[in-house]
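Below, read A as the first sequence line, B as the second, and so on, with proteins coming before strands; counting in each chain starts at 1.
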Amino acid sequence: MKPRTHTCGSLRAEHVGQTVTLHGWVSGLRDKKTIFVVLRDRYGTVQVTLDEKCPEDLMAIGKQLALEYTVEVQGLVRLRHAPNDKMETGAIEIEPASITILSKTKPLPFKIDSLKEKPTEEVRLKYRYLDLRQSQLQKTMRIRHKTALVVRNYLDDQGFYEIETPILNRSTPEGARDYLVPSRVHPGEWYALPQSPQIFKQILMIGGMDRYFQLCRCFRDEDLRADRQPEFTQIDIEMSFVTQDMIIELSNGMIRKVWKDVIGVDVGDIPSITYAEAIDRFGVDNPDLRFGMELFTADWQGTEFGVIGNALASGGVARGFIVKGGAEVSNSLFKTHKKKGDGDWLAFVKKYRLGGLLYGKLENGSWSGPLSKVEPELLTTIEGVEDGDLVLIGAGPANHVNTAMGRLRAHVARQRALIPEDAFAFVWVTDFPAFEHDEDNDRWVSVHHPFTQPIEEHIEWLGTERMGDILSDAYDIVCNGYEIGGGSIRIHNSEVQAQVFKALGLSEEEAKNKFGFLIDALQYGAPPHGGLAMGFDRWTMLLSGTENIRDVIAFPKTSKAQDLMADAPNTVAKEQLEELFVANTVSDEEESSSDSE
RNA sequence: GGUGCUGUAGUUAAGUUGGUUAUAACGCCGGCCUGUCACGCCGGAGGCCGCGGGUUCGAGUCCCGUCAGCACCGCCA
């Protein structure tokens with residue numbers, strides 16, 4: 001192999017007359033009297049032309065080529081007879097002096113960057129090495145790399161150290177399920193892979209590192225979604241002697257720099273709203289601010305209209321939003337069809353445990369639909385309804401109504417194309433409740449995590465009937481409806497920390513057992529500190545314009561957490577298990593049946 | 001743990017009310033074509049219709065189960 005002199009995408013008219021050596025894959029082949037070979041590498045494509053001037057032995061090699069062969073081409077850059085404006089290198093072509101086939105390919109499972117058909121994701125994941133050649137992944141890997149680089153440089157400029165924390169860790173059975181690793185030298189004992197480096201980064205602050213960050217892999221053994229993988233990467237940040245405002249300011253600077261440097265977008269100012277405001281205006285704590293259609297509250301105490309009246313009487317709420325010009329939508333969206341099931345919008349809210357969806361259409365001054373039965377003087381309290389509009393209302397328990405109507409708001413906006421393309425709407429959500437009551441187990445649990453600082457004035461409510469009113473010094477950053485980061489000011493006072501554990505029903509012994517080393521460390525001059533973790537994969541998704549997290553990860557797993565290429569997870573030899581003192585409780589029969597196709 | 005959609009050639013899809021030889025496009029192989037660029041033309045090979053069971057004279061099609069992919073609910077401090 002000769003050294004490469006140029007990349008395929010780099011050649012222009014100014015190179016005409018130069019002899020170049022290129023390496024790449026055959027991405028296009030037009031075998032006529034003249035053979036046209038399109039050569040592709042990471043940097044672009046260029047046409048290699050074998051015409052009547054070509055010696056016969058070279059034509060013979062040209063005849064052997066097939067798509068995705070890896071080749072070396074040495075030749076002369078010349079102007080084309082027929083330039084191609086659609087190609088960056090379309091002004092020129094290569095007149096080859098030699099072509100070497102570096103490696104051949106078996107028949108391909110799919111054509112790279114085919115315009116006609118896209119392979120299913122299952123096929124793409126199995127042949128990920130071919131999928132990676134496609135422009136989509138070439139682009140997202142570039143964006144991912146560039147984002148990481150900008151983040152590292154930005155944080156370095158701000159005085160941060162990147163410090164690694166352990167992958168093999170102790171299990172803390174709070175929150176998500178841990179991935180466990182058996183210890184060979186300590187029979188019966190296990191490491192856990194980190195769900196996040198939370199405790200270690202706090203200890204780095206106690207250790208005087210002042211400003212820490214890490215692009216770190218985190219692991220959670222939970223069921224997956226389009227935007228969730230079992231292992232994912234976060235930009236983990238912790239700072240000493242900071243306030244919430246300082247962390248938000250630093251984060252805003254980082255977001256602006258990344259969006260500008262990676263995709264050329266000016267983010268501008270990023271607003272903040274409180275959790276309470278987010279729920280009030282949007283029903284959810286990760287609102288999409290790219291469009292309006294905010295929720296209103298139908299506070300119609302005493303209405304004769306049964307569904308809403310009953311919901312309010314039993315302590316629930318009625319909330320909804322106006323769909324501008326929505327009166328023309330089909331009523332079948334709201335109906336239960338005997339055979340086909342529920343209409344789209346009705347079925348949508350039912351997923352969120354809402355019993356039904358009320359609607360009213362205002363046309364030519366008169367209401368139709370279920371809401372037409374509501375007292376007219378109450379209907380007029382809905383602000384901003386005009387002729388031709390549709391009003392949607394959900395009624396029931398507050399948490400169900402807020403979630404259902406908040407999600408429906410986004411669903412409707414998407415269906416009706418109300419979301420501007422290429423827009424980014426960032427927002428900080430602050431003042432989260434510190435604790436929520438777990439009805440199933442009748443106990444209080446942390447909304448964020450138990451090291452989150454409750455706001456000063458609320459600390460005295462710990463362990464009282466006002467637990468649910470305690471707000472925390474925590475904040476989430478949301479973009480386009482995705483939670484892309486979150487953090488908090490941490491408790492640095494070991495007495496407050498002890499009060500929190502107590503309020504959560506953790507005995508001193510249990511707390512010590514779970515978080516002992518942090519509790520100890522907090523007693524040795526802990527600085528006030530706080531930080532946050534940014535979802536690096538979700539950042540990359542937004543920057544790439546994809547809604548699928550697998551599109552921004554080189555080797556992702558399926559929704560059942562399998563790697564279809566590497567075929568992981570897999571069974572291991574009995575001897576391996578014995579060495580680790582692990583018993584396999586799955587019978588061989590079960591194993592083989594689940595393995596077969 | 002649950003719900004929905006999908007599974008037919010290497011790939012992407014079509015396949016009607018259950019009906020006899022399962023289609024097409026791309027890719028692959030062979031041939032033709034003076035400059036193509038989603039090249040074009042002619043010919044060819046290629047199928048466990050995801051898997052298992054059932055209903056039926058007959059199943060790609062209907063029913064049950066199962067596996068896989070995707071999306072969602074629960075879950076994800």
Side-chain angles (χ1 to χ4, degrees), chain A residues 27-38 45-53 63 66-68 80-87 89-90 93 105-127 130 172-178 195-196 198 218-230 232 340-342 344 347-354 400 403-404 407 411 432 434-436 438 440 444-452 472 474 483 486 488 504 514-515 533 535 547-548 550 557-560 562 564 593-597:
Chain A
S27 73
L29 201 52
R30 293 178 284 276
D31 182 4
K32 304 171 67 74
K33 270 276 175 321
T34 302
I35 301 175
F36 300 95
V37 182
V38 181
T45 58
V46 67
Q47 177 168 285
V48 179
T49 306
L50 288 76
D51 56 19
E52 71 281 353
K53 290 158 77 178
K63 288 275 181 201
L67 289 179
E68 300 305 317
R80 288 205 202 183
H81 301 170
N84 181 352
D85 298 339
K86 291 182 212 154
M87 238 174 127
T89 62
E93 64 189 1
T105 172
K106 301 205 318 192
L108 296 164
F110 57 89
K111 193 177 175 189
I112 306 303
D113 277 334
S114 170
L115 298 174
K116 289 181 181 167
E117 63 205 24
K118 295 207 184 317
T120 54
E121 195 152 14
E122 203 173 348
V123 176
R124 290 174 52 199
L125 290 173
K126 184 169 179 190
Y127 298 95
L130 296 177
T172 54
E174 291 279 313
R177 273 187 282 266
D178 284 324
Q195 297 174 24
S196 96
Q198 182 60 37
C218 302
F219 305 85
R220 292 179 190 174
D221 187 8
E222 293 292 342
D223 288 349
L224 307 178
R225 288 287 190 283
D227 60 353
R228 260 194 245 160
Q229 281 276 298
F232 60 96
K340 288 186 286 177
D342 293 327
D344 183 12
F348 188 89
V349 296
K350 278 189 169 180
K351 288 189 307 193
Y352 298 95
R353 291 183 288 177
L354 212 55
H400 295 179
T403 306
R407 299 281 175 226
H411 182 69
F432 279 81
F435 309 102
E436 63 188 348
D438 174 359
D440 294 342
W444 288 95
V445 295
S446 301
V447 168
H448 202 61
H449 56 59
F451 319 116
T452 302
S472 63
E483 185 203 321
S488 63
L504 290 172
K514 285 179 180 173
F515 315 111
E547 296 187 336
N548 181 342
R550 295 178 297 276
K557 292 182 174 59
T558 68
S559 64
K560 284 198 180 156
Q562 282 186 288
L564 295 181
S593 71
S594 69
D595 272 359
S596 61
E597 295 301 308

Q: Would you mind classifying the nucleic acid contact of A:P109 as base, sugar-phosphate or nothing, using non-hydrogen atoms under 4.0 angstrom?
A: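 Sugar-phosphate contact only - A:P109 comes under 4.0 Å of backbone atoms but never of a base.
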Q: If only side-chain N and O atoms count, and only distance matters, is there a donor-acceptor pair under 3.5 Å linking A:E93 with A:T49?
A: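 On atom types as modelled, these side chains qualify, holding a pair under 3.5 Å.
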Q: Can you work out whether A:S196 or A:T403 has the more 5'-proximal nearest nucleotide on RNA chain B?
A: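 Checking each residue's closest nucleotide, the 5'-ward one belongs to A:T403.
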Q: Begin with the C-alpha distance, continue with both residues' side-chain angles, and end with the deciding distance and a verdict on side chain to side chain donor-acceptor pair (under 3.5 Å) for A:E121 and A:N548.
A: CA-CA 11 Å; A:E121 195 152 14; A:N548 181 342; 3.2 Å; yes
Q: Would the A:F451 and A:F515 ring centres measure less than 6.0 Å apart?
A: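 So the answer is yes for these two rings.
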Q: Say you draw a straight line from CD of A:E117 to CG of A:L115; how long is it, rounded to the nearest 0.5 Å?
A: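 It is 10.5 Å, given to the nearest 0.5 Å.
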Q: Can you tell me how far P in B:U21 sits from the matching atom in B:G60, rounded to whole Å?
A: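 Their P atoms lie roughly 11 Å apart.
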Q: How about A:K126: does its NZ atom have over 12 heavy atoms from other parts shown lying under 6.0 Å from it?
A: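 Incorrect, the count does not exceed 12.
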Q: Between P on B:C72 and CZ on A:F348, what's the gap in Å once rounded to a whole number?
A: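 Answer to the nearest Å: 10 Å.
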Q: Using whole Å, report how far CG of A:D31 lies from C1' of B:C39.
A: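 Going from A:D31 (CG) to B:C39 (C1'), I get 11 Å.
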Q: Just the rounded figure in Å: distance from P of B:A71 to CG of A:D223.
A: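 Those two atoms, CG and P, are 13 Å apart.
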Q: Who are the side-chain hydrogen bond (donor to acceptor under 3.5 Å, both in side chains) partners of A:Q198, not counting sequence neighbours?
A: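 If we apply the side-chain hydrogen bond (donor to acceptor under 3.5 Å, both in side chains) test to A:Q198, skipping adjacent residues, the hits are A:Q202, A:H449.
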Q: Does B:G27 have OP1 or OP2 sitting under 4.0 Å from an N or O in the side chain of A:S114?
A: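 Answer is no, no contact under 4.0 Å.
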Q: Both distances under 3.5 Å, Watson-Crick or G-U wobble: report the partner of B:C37, or none.
A: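 Pairing partner: none.
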Q: Using the side-chain heavy atoms of A:K560, tell me which of these nucleotides is nearest: B:G69, B:A38, B:C75.
A: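 Of the options given, the side chain of A:K560 lies nearest B:G69.
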Q: Give the intermediate values and the outcome of side-chain contact (heavy atoms from CB on, under 4.5 Å) for residues A:Q229 and A:R220.
A: CA-CA 8 Å; A:Q229 281 276 298; A:R220 292 179 190 174; over 6 Å; no
Q: Using the C1' atoms only, state how far B:C26 lies from B:A14, rounded to an integer number of Å.
A: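 After rounding to an integer number of Å, I get 15 Å for this pair.
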Q: Would you mind classifying the nucleic acid contact of A:E117 as base, sugar-phosphate or nothing, using non-hydrogen atoms under 4.0 angstrom?
A: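 Base, at least one base atom sits under 4.0 Å.
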Q: Would you give the length of the straight line joining atom NZ of A:K560 to atom OG1 of A:T558, rounded to the nearest 0.5 angstrom?
A: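 Rounded to the nearest 0.5 Å, the NZ-OG1 separation comes out at 8.0 Å.
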Q: Starting the side chain at C-beta, find the nucleotide from B:G74, B:C76, B:A68 nearest to A:R228.
A: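 Of B:G74, B:C76, B:A68, B:C76 is nearest to the side chain of A:R228.
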Q: Any idea how A:Y127 and A:F110 line up, ring-wise: parallel (<30°), tilted (30 to 60°), or perpendicular (>60°)?
A: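 Ring orientation of A:Y127 relative to A:F110: perpendicular.
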Q: Can you identify which nucleotide, out of B:C75, B:U11, B:G69, has its nearest atom closest to the A:P119 side chain?
A: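 Among the listed nucleotides, the one closest to the side chain of A:P119 is B:U11.
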Q: Checking only heavy atoms, does the side chain of A:R124 share a donor-acceptor pair with the base of B:G69 at less than 3.5 Å?
A: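 Looking at the base of B:G69, it does not pair with any donor or acceptor on the side chain of A:R124 (distance under 3.5 Å).
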Q: Would you say A:R550 reaches B:C70's phosphate, i.e. side-chain N/O to OP1/OP2 under 4.0 Å?
A: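 Yes, because at least one side-chain N or O of A:R550 sits under 4.0 Å from OP1 or OP2 of B:C70.
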Q: Mind calculating the distance between CD (A:E122) and C1' (B:C67) to the nearest angstrom?
A: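 To the nearest whole Å, that distance equals 11 Å.
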Q: Which comes earlier along RNA chain B counting from the 5' end, the contact point of A:K557 or that of A:E436, where each point is its nearest nucleotide?
A: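 Between the two, 5'-proximity favours A:K557.
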Q: OP1, OP2 of B:C72 versus side-chain N and O of A:R407: anything below 4.0 Å?
A: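 Result: no.
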Q: If the cut-off is 4.0 Å, is A:T120 near the phosphate of B:G69, judged by side-chain N/O to OP1 or OP2?
A: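 Checking A:T120 against B:G69: no side-chain N or O falls below 4.0 Å of OP1 or OP2.
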Q: Can you tell me the distance, in whole Å, between the CG atom of A:L115 and the C1' atom of B:G27?
A: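 The answer, rounded to whole Å, is 14 Å.
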Q: Looking only at atom P, what distance separates B:C42 and B:G58, rounded to whole Å?
A: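 Result for the P pair: 42 Å, nearest Å.
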Q: Between the protein and nucleotides 34-36 of chain B, list the N/O to N/O atom pairs that are separated by less than 3.5 angstrom.
A:
residue: B:G35; atom: OP1; partner: A:K32; partner atom: NZ; Å: 3.2
residue: B:G35; atom: O6; partner: A:D51; partner atom: OD2; Å: 3.4
residue: B:G35; atom: O6; partner: A:R78; partner atom: NH2; Å: 3.2
residue: B:G35; atom: N1; partner: A:E93; partner atom: OE1; Å: 3.3
residue: B:G35; atom: N1; partner: A:E93; partner atom: OE2; Å: 2.8
residue: B:G35; atom: N2; partner: A:E93; partner atom: OE1; Å: 2.8
residue: B:U36; atom: O2'; partner: A:R30; partner atom: NE; Å: 3.4
residue: B:U36; atom: O2; partner: A:R30; partner atom: NE; Å: 2.5
residue: B:U36; atom: O2; partner: A:R30; partner atom: NH2; Å: 3.2
residue: B:U36; atom: N3; partner: A:Q47; partner atom: OE1; Å: 2.8
residue: B:U36; atom: N3; partner: A:Q47; partner atom: NE2; Å: 3.2
residue: B:U36; atom: O4; partner: A:Q47; partner atom: NE2; Å: 2.8
residue: B:U36; atom: O4; partner: A:R80; partner atom: NH1; Å: 3.0

Q: A:K118 near the nucleic acid: base, sugar-phosphate alone, or nothing, with a heavy-atom cut-off under 4.0 Å?
A: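 Here A:K118 touches the backbone only, sparing every base.
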Q: Whole angstrom is fine here: how far is it from NZ in A:K126 over to C1' in B:U11?
A: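 Computing the A:K126:NZ to B:U11:C1' distance gives 13 Å.
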Q: Let me know the distance between CD of A:E222 and C1' of B:C72, rounded to the nearest Å.
A: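 Spelled out: CD on A:E222 to C1' on B:C72 is 16 Å.
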Q: Atom CG of A:L50 to atom P of B:C33: distance rounded to whole Å?
A: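 Going from CG in A:L50 over to P in B:C33 covers 17 Å.
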Q: Among B:C33, B:A38, B:A71, which nucleotide sits nearest the side chain of A:A226?
A: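 Among the listed nucleotides, the one closest to the side chain of A:A226 is B:A71.
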Q: Pick base, sugar-phosphate or nothing for A:V38, based on heavy-atom distances below 4.0 Å to the nucleic acid.
A: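 Since no nucleic acid heavy atom lies under 4.0 Å of A:V38, the category is nothing.
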